[in-house]
Trainee: 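One structure, pasted below without further comment.
In what follows, chains carry the letters A, B, and so on, assigned in the order in which the sequence lines appear, proteins first and then strands, with residues in each chain numbered from 1.
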There are 2 protein chains.
Amino acid sequence: MQRIKEILRSKNLRPTKQRVLIADHLFDGTDKHVTAESLFRELSSNKRDVSLATVYNTLHEFCKKELLNKITLDADKVYFDTNTSLHHHFFSEKDKILLDIKNEDVKISLMPKAPKGKKIKKVELVIHLED
Amino acid sequence: MQRIKEILRSKNLRPTKQRVLIADHLFDGTDKHVTAESLFRELSSNKRDVSLATVYNTLHEFCKKELLNKITLDADKVYFDTNTSLHHHFFSEKDKILLDIKNEDVKISLMPKAPKGKKIKKVELVIHLED
DNA sequence: TCAATAGTTTAGAATTATTCTAAACTGATA
DNA sequence: TATCAGTTTAGAATAATTCTAAACTATTGA
Ligand SMILES: [Mn+2]
Ligand SMILES: [Mn+2]
Ligand SMILES: [Zn+2]
Ligand SMILES: [Zn+2]
């Protein structure tokens with residue numbers, strides 16, 4: 001719990017009850033891809049300590065502070081990735097499931113150069129799956 | 001106009017007034033990335049010959065018949081691509097603009113293998129841009 | 001210790017892209 | 001030309017997300 005509070009403080013986020021609960025759930029050491037709804041559901045399975053609005057607020061703040069990465073490859077459902085290291089994804093549209101691809105399992109040996117006046121912010125490889 | 005009707009007939013789509021109007025606009029030889037709204041706006045600039053529901057219906061049908069490709073990389077806005085050949089995209093989240101990357105400008109020399117029981121449907125490289 | 005306050009949480013309303021429904025319409029066919 | 005499957009449509013419904021504004025709370029400095 002102290003570890004979680006440290007993480008929050010280090011990002012200038014007050015360690016409120018709700019943020020600690022959310023961060024504790026998210027940063028438990030296992031990589032996760034959550035949606036606002038899935039996270040809200042998991043948190044409120046027992047007690048209702050966090051509102052949906054706070055889940056949204058917190059996910060966005062965590063993104064801004066680079067504790068999470070936002071992934072949008074499905075209309076109407078944004079995923080948040082606790083694995084903030086460089087990596088890619090498999091995506092099964094049918095199952096709505098995201099799987100990590102380790103960065104070393106992909107090699108892009110030729111990349112186009114960015115259009116004039118723009119910089120490359122992120123290179124995202126999505127491998128869409130079917131059965 | 002006859003060319004457009006041929007395209008539709010070849011896909012077993014009745015060349016209705018609305019579909020011809022839409023297809024004529026989409027398949028004019030230049031590659032486009034449209035949204036339902038943008039297409040609806042462009043079509044109804046003068047006369048109102050097509051309803052928004054029909055725009056949605058038609059875009060989905062054209063996708064099913066592989067006259068278009070669906071691209072979802074922005075929550076709440078689906079893009080439809082008239083360029084159905086193999087290629088990738090730059091995406092500027094700020095401008096909400098998609099730019100084609102020619103397939104030969106990208107080389108992926110190492111690809112992970114699909115998870116057991118799944119096949120690779122599509123490999124999508126999205127290069128996110130910033131200023 | 002505690003008051004002040006900036007930051008945070010919240011319920012519920014609003015927004016918005018998209019889908020659904022069911023009735024009216026129309027292109028193809030015989 | 002009648003028939004009917006296929007198509008279009010307005011408007012309602014849905015659903016993820018954002019907004020609003022009032023209540024709450026962690027922090028801080030007196
Ligand atoms: Mn939507
Ligand atoms: Mn949405
Ligand atoms: Zn991931
Ligand atoms: Zn394209």
Trainee: Which nucleotide wins on minimum distance to the side chain of A:Pro15, given the candidates C:dA11, D:dA26, D:dT8?
Mentor: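 For the A:Pro15 side chain, the nearest candidate turns out to be D:dA26.
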Trainee: Between C:dA17 atom P and B:Asp74 atom CG, what is the distance in whole Å?
Mentor: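 Roughly 10 Å, once rounded to whole Å.
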Trainee: Under 3.5 Å, is there a donor on one side chain and an acceptor on the other for B:Asp81 and B:His87?
Mentor: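 Side-chain D/A pair, B:Asp81 to B:His87: present.
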Trainee: Rounded to whole angstroms, how far apart are NZ on A:Lys65 and C1' on C:dT8?
Mentor: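 Nearest whole value for this atom pair: 13 Å.
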Trainee: With the criterion being N/O to N/O and under 3.5 Å, what pairs connect the protein with nucleotides 3-7 of chain D, and how long is each?
Mentor:
from	atom 1	to	atom 2	distance (Å)
D:dG6	O4'	B:Arg14	NH2	3.2
D:dT7	OP1	B:Arg19	NH1	2.6
D:dT7	OP1	B:Arg19	NH2	3.1
D:dT7	O5'	B:Arg19	NH2	3.3

Trainee: Rounded to the nearest Å, what distance is computed from the CG atom of residue A:Leu39 to the P atom of nucleotide D:dT17?
Mentor: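 Spelled out: CG on A:Leu39 to P on D:dT17 is 12 Å.
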Trainee: Could you state the atom-to-atom distance from CG of A:Asn57 to P of C:dT10 in whole Å?
Mentor: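 Spelled out: CG on A:Asn57 to P on C:dT10 is 9 Å.
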Trainee: Between A:Asp76 (CG) and D:dT18 (C1'), how many Å, whole number?
Mentor: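 Result: 14 Å.
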Trainee: Check whether any side-chain nitrogen or oxygen of A:Tyr56 sits under 4.0 Å from OP1 or OP2 of D:dT17, and answer yes or no.
Mentor: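 Result: yes.
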Trainee: In whole angstrom, give the distance that lies between atom CZ of B:Phe40 and atom C1' of D:dG11.
Mentor: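 From B:Phe40 CZ to D:dG11 C1': 13 Å.
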Trainee: Test: ring-ring contact (aromatic ring centres under 6.0 Å, His included). Region: residues 2-24 of chain A. Which pairs qualify, not counting sequence neighbours?
Mentor: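 For residues 2-24 of chain A, and leaving out neighbouring residues, there are no ring-ring contact (aromatic ring centres under 6.0 Å, His included) pairs at all.
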Trainee: If the plane angle is over 60° it's perpendicular, under 30° parallel, otherwise tilted; pick one for A:Tyr56 and A:His60.
Mentor: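 Plane angle between 30° and 60°, so tilted.
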Trainee: For residues 4-29 of chain B, pull every pair meeting ring-ring contact (aromatic ring centres under 6.0 Å, His included), keeping only residues two or more places apart or in separate chains.
Mentor: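 Every pair satisfying ring-ring contact (aromatic ring centres under 6.0 Å, His included) with a residue in residues 4-29 of chain B: B:Phe27-B:Phe62.
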Trainee: Among side-chain atoms of A:His128 and B:Glu124, is any donor-acceptor pair under 3.5 angstrom?
Mentor: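 A:His128 vs B:Glu124: donor-acceptor pair found between side chains.
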Trainee: To the nearest Å, give me how far apart CG (A:Leu52) and C1' (C:dT9) are.
Mentor: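 Spelled out: CG on A:Leu52 to C1' on C:dT9 is 12 Å.
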Trainee: Run the salt-bridge test on B:Arg9 and B:Glu6 with the 4.0 Å N-O cut-off and return the result as yes or no.
Mentor: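 Here B:Arg9 pairs with B:Glu6 in a salt bridge, since their nearest N and O are under 4.0 Å apart.
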Trainee: Once you apply a heavy-atom cut-off of 4.0 Å, does A:Lys77 come out as touching a base, just sugar-phosphate, or nothing?
Mentor: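 A:Lys77: backbone/sugar contact only, no base atoms under 4.0 Å.
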Trainee: Between A:Lys118 and B:Asp131, is there a side-chain N and carboxylate O pair less than 4.0 Å apart?
Mentor: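 Here A:Lys118 pairs with B:Asp131 in a salt bridge, since their nearest N and O are under 4.0 Å apart.
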Trainee: Assuming nearest nucleotide by heavy-atom distance, tell me which of A:Thr58 and B:Ala53 is located more 5' along DNA chain C.
Mentor: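 The residue whose closest nucleotide sits nearer the 5' end is A:Thr58.
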Trainee: Does B:His60 put a side-chain nitrogen or oxygen below 4.0 Å from OP1 or OP2 of C:dT18?
Mentor: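 No.
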Trainee: Atom CG of B:Leu8 and atom P of D:dT8: how far apart are they, to the nearest Å?
Mentor: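 Result: 10 Å.
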